[in-house]
Number of protein chains: 2
Amino acid sequence: MGVTIKDVAREAKVSVASVSRALNGHGGVTAETLERIREVAARLRYIPHGAARSLITRRTHTIGALLPDLYGEFFSELIRGIDLAARVHGLQLLVSSSHDGAAEAASALRAMQGRVDGLLVMSPHADAAFLRQNLPVGLPTVLMNTVLERDDYAALSVDNAGGARLVVEHLLGEGYRRIAFIQGPVGNHDVAEREQAYREALAARVPGVPPIVLPGEFDEASGYRAGQRLIAMSPRPDAVFAANDMMAIGCMAAIREAGLRIPEDIAVAGFDDVPMARYVSPALTTAGVRIAELGKAALEQLAGQIEGDEAPAVHMRIAAELMVRASTTRNQKSKAARAD
Amino acid sequence: MGVTIKDVAREAKVSVASVSRALNGHGGVTAETLERIREVAARLRYIPHGAARSLITRRTHTIGALLPDLYGEFFSELIRGIDLAARVHGLQLLVSSSHDGAAEAASALRAMQGRVDGLLVMSPHADAAFLRQNLPVGLPTVLMNTVLERDDYAALSVDNAGGARLVVEHLLGEGYRRIAFIQGPVGNHDVAEREQAYREALAARVPGVPPIVLPGEFDEASGYRAGQRLIAMSPRPDAVFAANDMMAIGCMAAIREAGLRIPEDIAVAGFDDVPMARYVSPALTTAGVRIAELGKAALEQLAGQIEGDEAPAVHMRIAAELMVRASTTRNQKSKAARAD
DNA sequence: AGCATCGATGAAAACGTTTACGTTGCCCTC
DNA sequence: GAGGGCAACGTAAACGTTTTCATCGATGCT
């Protein structure tokens, strides 16, 4: 079908080796033959076959990203950060996502063998056994937000505990005491870290007050339901910390519909700092991580492993920062509480 | 470095051909040899080399997506739609984006040769000459939101004109007359279509009223600036239609800060129906396209071209639907204007 | 018993490149 | 003028697969 290097060679009356040298600028060809080869290649619309090239070169200039999902702001930002950094390093991006089973994730991972120079893995299935089984040996790999804490691979994750601590301490600082927590999907590692930090912060700062934990599913609807349950409690919590922003927003809707005021009656805080958090009213206090930075840092780490073949196996945590907004500030002293 | 099919063959004391047959389930191997090969392959952690395989197979099970950018809700949704559909067809996704120059886009496109079975192209640089020059001949391709109207390639686009018409006619129906339009980046094809439809709808329905057009850059800040300019005009426009939602949101901020009310003093409408549009207050009227549907439809079309090698060269427009919300409804009759 | 058939297996070609190595012809130097 | 050096170019191997074809033994049939 396509036109190959042989066609160009035949048409330009040289060997395939010369065509390769000419087109890759390796020198060793006269100016006039180079020109002739260029002309023929352009005329024939010759485009080198990437698979064939990388078979011999052992370089694909591509990195694979194994993600659990592509939905929502988090992955959008993550991919953007990865892509931006990849572009700097001249790398392309092979993404694979939405695999709900471990088997599917495994086959996606295996399908990347030979097509990528390195791997960015973020998957709930990525435990030690899974990786040992499906990760090509010797392939540079960086893990993101994984449960794994061994030193076999480089790993980057968001500082869930630190962020959650910031939120809880802020709420306590504002005078709230009965602080509820809305969980995310069961088994989610980020959620577990956030919840544990919430419990620990509470135990450390207000030892007498028991934690209040409600289930959630990361989506707005489950936040709404949690909000309804929360309102019905007695004594009613005076603040709620949702494991992500979308649930916090759902929760706010439930609180408002019950005729209660935010933050006077109940304060609401989230996690992630999605763009929308600034726009809801009142604006949502949340712990944000520059997700794009996470993606960028992960790719830089991977690129380092690929280029210089050092395997430093860094473990790094991306810090979360607290964005204080109107949803948790009783008094108007906060600068985030602008005229709404 | 890695373990190849030869290693497995040697270890299992068979030929590479038998290993290939066994592992691909092509039959022609005894049950016991099959089992032995499987065992060896698992023990050696053999993973087939994708590039080598697709070199001979002429199938990569991968489609390439050339996108202008990855930032924001639009691309997030688009990729999600593509990815979801790709998964159904067993295809992986090689994305390339953020190429600001035509040269960069070209090299990205060429780098995909031999690594993909088909191409999804959405690029401002993708004019006829560009495609003829850089598109591998015979590679299935679907264009998205492109200026191209020739029948050479299949093409899908959002119905910008239809959506813009819906918005303008809705505003006119609500009694607004001096309707301003905020543009997007110059040269953007979508924006051009929206603006033209705006002008045409105005000319058709209220022939005397001149169009009012302000520059914009698709981001919130430029919407804010446009809002400030708009407020200072006399006579002041009583409605504004921004070429996308983020600018509309920026514009709303400017209007509010000037002490004017939305929609009583100035109505605001956008385009895209980003998730945030429902959450700003007042909620934003906008023309939405199910972007994920666009991505899905594009991939389905491409998959059709790849599997059955028919090249129907369909041209299809994804309809936009009007989401009427509080930002344009003077009276409370709209169901979207819930208690805020 | 002889012959055709069939299933399992191996040898080798092919896919489209890059690159190590040879070969050629030229120029320069002694 | 012979030899050496060098630049340009060609030959062929290599990358890791799949697949066609040939081989071989065993089996079934007459």
Side-chain angles (χ1 to χ4, degrees), chain A residues 1-37 40-41 44-62 110-117 136-139, chain B residues 1-37 40-41 44-62 110-117 136-139:
Chain A
M1 285 287 126
V3 26
T4 79
I5 198 173
K6 284 182 193 159
D7 300 323
V8 178
R10 190 178 338 105
E11 187 78 8
K13 305 202 191 313
V14 291
S15 73
V16 292
S18 293
V19 177
S20 175
R21 280 188 287 254
L23 262 29
N24 290 323
H26 285 337
V29 275
T30 323
E32 47 261 54
T33 49
L34 188 147
E35 186 47 43
R36 178 157 40 99
I37 290 172
V40 171
L44 262 44
R45 296 213 222 304
Y46 167 65
I47 303 177
H49 192 282
R53 179 189 290 216
S54 62
L55 182 57
I56 182 79
T57 304
R58 311 182 93 57
R59 269 306 181 87
T60 65
H61 300 286
T62 303
R110 298 170 69 95
M112 288 190 171
Q113 163 77 318
R115 337 187 87 109
V116 299
D117 293 338
V137 294
L139 191 64
Chain B
M1 285 286 127
V3 26
T4 78
I5 198 172
K6 284 183 193 160
D7 300 323
V8 179
R10 189 179 335 106
E11 188 79 6
K13 306 204 191 309
V14 291
S15 71
V16 293
S18 292
V19 177
S20 175
R21 279 188 287 255
L23 263 28
N24 291 322
H26 285 339
V29 274
T30 322
E32 46 263 52
T33 49
L34 188 147
E35 187 46 44
R36 178 157 39 98
I37 290 171
V40 172
L44 262 44
R45 297 213 222 304
Y46 167 65
I47 303 177
H49 192 283
R53 180 190 288 218
S54 61
L55 182 58
I56 183 80
T57 304
R58 309 181 96 55
R59 269 305 180 89
T60 64
H61 299 287
T62 302
R110 299 170 68 95
M112 289 190 168
Q113 162 77 318
R115 338 187 86 108
V116 298
D117 292 339
V137 294
L139 192 64

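Below, read A as the first sequence line, B as the second, and so on, with proteins coming before strands; counting in each chain starts at 1. Here the structure is a predicted model, which is why all the values come from computation and not from measurement.
For the atom pair CG of L139(B) and CD1 of I47(A), the computed distance is 9.0 Å after rounding to the nearest 0.5 Å. Summarising the geometry, atom OG1 belonging to T60(B) is positioned 5.5 Å from atom CZ belonging to R115(A); distances are rounded to the nearest 0.5 Å. Here NE2 of H49(B) is found 10.5 Å from CG of L55(B). Values are rounded to the nearest 0.5 Å. One finds the CZ atom of R10(B) at 12.0 Å from the CD1 atom of I5(B) (value rounded to the nearest 0.5 Å). For the atom pair CD (Q113(A)) and OH (Y46(B)), the distance works out to 8.5 Å, reported to the nearest 0.5 Å. Taking CD1 of I56(B) as the start and OG of S20(B) as the end, the distance is 10.5 Å to the nearest 0.5 Å.
Note: CD1 (I56(A)) to P (dT17(D)) measures 14 Å, nearest angstrom. Here dG16(C) presents its P atom at 14 Å from CG of L44(A), a figure rounded to the nearest Å. Counting to the nearest Å, the P atom of dA8(D) and the CG atom of L34(A) are 11 Å from each other. The nearest whole Å value for the distance from the CD atom in E32(B) to the C1' atom in dA8(C) is 11 Å. For the pair I5(A) CD1 and dG10(D) P, the interatomic distance rounds to 12 Å; values are reported in whole Å. Here the P atom of nucleotide dC15(C) and the CZ atom of R59(B) are 18 Å apart, to the nearest Å. Rounded to whole angstrom, the span from the CZ atom of R115(B) across to the C1' atom of dC15(C) amounts to 15 Å. We find that CG of L23(A) is positioned 16 Å from P of dG16(C), with the value rounded to whole Å.
Nearest heavy-atom pair across V19(B) and A9(B) is CG2-CA, 3.7 Å. For the residue pair A51(B) and S54(A), the shortest heavy atom distance occurs at CB-OG, 4.0 Å.
A donor-acceptor contact shorter than 3.5 Å is absent between the side chain of N24(A) and the backbone of R21(A).
Nearest to the side chain of L55(B), among dC15(C), dT17(C), dT17(D), sits dC15(C). Distance from the side chain of R58(A) is smallest for dC15(D) among the nucleotides dT18(C), dC15(D), dT17(D).
For dT18(C), the OP1/OP2 oxygens have a side-chain nitrogen or oxygen of R53(A) closer than 4.0 Å. Distances shown here put every side-chain N or O of R21(B) at or beyond 4.0 Å from the OP1 or OP2 atom of dG10(C). One finds a side-chain N or O of T33(A) lying less than 4.0 angstrom from the OP1 or OP2 phosphate oxygen of dC9(D). Here H26(A) reaches the OP1 or OP2 of dT19(C): one of its side-chain N or O atoms lies under 4.0 Å away. Close to dT18(C), at under 4.0 Å from its OP1 or OP2, lies a side-chain N or O of S20(A).
Rounded to 10 degrees, the angle separating the terminal axes of the helix from dA1(C)-dT30(D) to dC30(C)-dG1(D) is 60°, with each axis obtained from five end pairs.
The shortest side-chain heavy-atom distance between E11(B) and K13(B) does not fall under the 4.5 Å cut-off.
Residue S18(B) is in sugar-phosphate contact alone, with no base atom involved, counting any heavy-atom pair closer than 4.0 Å across all strands shown. When heavy atoms are screened at a 4.0 angstrom cut-off, T4(B) is found touching the sugar-phosphate backbone but no base atom. S54(A) comes within contact range of no nucleotide atom at all, as no heavy-atom separation falls under 4.0 Å.
Of all the residues in residues 7-17 of chain B, A17(B) reach under 4.0 Å from DNA chain D with at least one non-hydrogen atom.
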